Amino acid sequence: MTGYRTGLILISWLALAGLAQAAMYKWVDENGVTQYTQYPPPNQKSETIVPPPTPAQDPAGAHQKLEQTLQKLDEDSKARANAEAEREKSAAAEQQRKQNCQAARSNLEKLTTGGRKRVIGPDGTASYLSEEDRQARITEAKKQVDEYCSRKK
């Protein structure tokens, strides 16, 4: 990946350097206005203007600048990946919270509607809840509804 970016940057620099070295033409039109263009005018006398050579750059300095740029790109890429992972984690937590809210509301509705409530124990035996146990479960279900459904973002 780093080799690809290095090659891309070098190709871009070479292309820009080639554009900077293009010749320019200076000429005076029929109204006496001096014109500057990339192409010589047809049937008109023009002067070729060659830009000065680009300043020499220290290869070590250029390499160091390139490495800094690549390092910054890598850091930015990692930061974007971390932010995306955090968004996904947050979305998963929100989805889980919604499911918990729905289950808590369903449990509360089942406990508060109808008559006596029959429950099945861990050993598979069925029994009826006493009124105290039912009220304790209603209180617990209300706490869960408050925790999962009333939560502000």
Side-chain angles (χ1 to χ4, degrees), residues 1-26 33-40 48-153:
M1 184 83 170
T2 302
Y4 173 73
R5 278 192 250 158
T6 303
L8 185 63
I9 290 172
L10 289 175
I11 289 172
S12 299
W13 282 354
L14 291 174
L16 290 175
L19 291 176
Q21 294 298 323
M24 296 291 292
Y25 298 93
K26 176 182 174 184
V33 178
T34 303
Q35 302 286 331
Y36 295 90
T37 62
Q38 290 180 316
Y39 304 103
T48 303
I49 301 172
V50 179
T54 58
Q57 189 173 20
D58 175 31
H63 183 70
Q64 182 181 8
K65 185 176 179 180
L66 177 62
E67 288 298 323
Q68 289 172 349
T69 302
L70 292 175
Q71 183 179 4
K72 175 83 168 105
L73 286 172
D74 285 341
E75 290 170 1
D76 290 347
S77 176
K78 288 177 184 175
R80 280 191 302 273
N82 288 341
E84 180 62 28
E86 192 62 35
R87 278 191 297 274
E88 289 175 3
K89 182 179 175 184
S90 177
E94 180 64 17
Q95 181 65 27
Q96 183 64 45
R97 187 192 66 77
K98 286 179 181 180
Q99 289 175 351
N100 290 344
C101 174
Q102 186 178 13
R105 286 180 192 235
S106 175
N107 288 341
L108 181 60
E109 183 179 349
K110 288 176 184 174
L111 289 168
T112 56
T113 58
R116 291 181 65 189
K117 300 301 171 195
R118 191 175 104 177
V119 293
I120 299 177
D123 59 355
T125 59
S127 63
Y128 288 96
L129 288 176
S130 67
E131 185 59 27
E132 294 83 26
D133 287 340
R134 187 174 79 84
Q135 288 302 323
R137 288 188 181 201
I138 288 174
T139 302
E140 182 61 30
K142 285 180 180 179
K143 286 180 187 177
Q144 289 177 347
V145 167
D146 287 343
E147 179 183 347
Y148 295 123
C149 301
S150 303
R151 186 171 162 201
K152 302 292 181 195
K153 289 184 179 180

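Both backbone and side-chain heavy atoms feed into the values below; hydrogens, waters and symmetry mates do not. For clarity, every value in this text was computed on a predicted model and none was experimentally measured.
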Return yes if some donor-acceptor pair links the side-chain N/O of Thr69 with the main-chain N/O of Lys65 below 3.5 Å, else return no. yes

Quick one: does Thr125's side chain have a donor or acceptor within less than 3.5 Å of a partner on Gly121's backbone? no

Minimal heavy-atom distance between Tyr25 and Tyr39, with the atoms involved, is CD1-C, 3.5 Å

With the threshold set at 4.0 Å, does a side-chain nitrogen-carboxylate oxygen contact exist between Arg97 and Glu94? yes

Does any donor atom in the side chain of Asn82 or Glu86 lie under 3.5 Å from an acceptor atom in the other side chain? no

Close side-chain approach of Lys98 and Cys101, heavy atoms under 4.5 Å: no

Could you tell me whether Lys72 and Asp76 make a salt bridge, using a distance below 4.0 angstrom between a side-chain N and a carboxylate O? yes

Audit row: Lys142, Leu108, side chain to side chain contact (heavy atoms under 4.5 Å, CB included) steps and yes/no: CA-CA 7 Å; Lys142 285 180 180 179; Leu108 181 60; 3.9 Å; yes

On a heavy-atom basis, which atom in Leu111 and which in Ala141 lie closest, and how many Å separate them? CD1-CB, 4.3 Å

Would the number of heavy atoms belonging to other residues, nucleotides or ligands and lying under 6.0 Å from CD of Gln35 be above 12? yes

Looking at Tyr128 and Arg116, what are the two nearest heavy atoms and their distance? CB-NH2, 3.1 Å

Interatomic distance, OG1@Thr112 vs CG@Asn107, rounded to 0.5 Å, equals 10.5 Å

Does CD belonging to Glu109 count more than 12 external heavy atoms closer than 6.0 Å? no

Keeping Thr139 on the side-chain end and Gln135 on the backbone end, is there a donor-acceptor pair under 3.5 Å? yes

Verdict with reasoning, Glu84 to Arg87, per salt bridge (charged side-chain N to carboxylate O under 4.0 Å, His left out): CA-CA 5 Å; Glu84 180 62 28; Arg87 278 191 297 274; 2.7 Å; yes

Are Arg137 and Glu140 close enough for a salt bridge, meaning some N to O gap below 4.0 Å? no

Provide the full list of salt bridge (Lys or Arg N to Asp or Glu O under 4.0 Å) pairs with a residue in residues 117-132, sequence neighbours left out, each pair given once. Glu131-Arg134

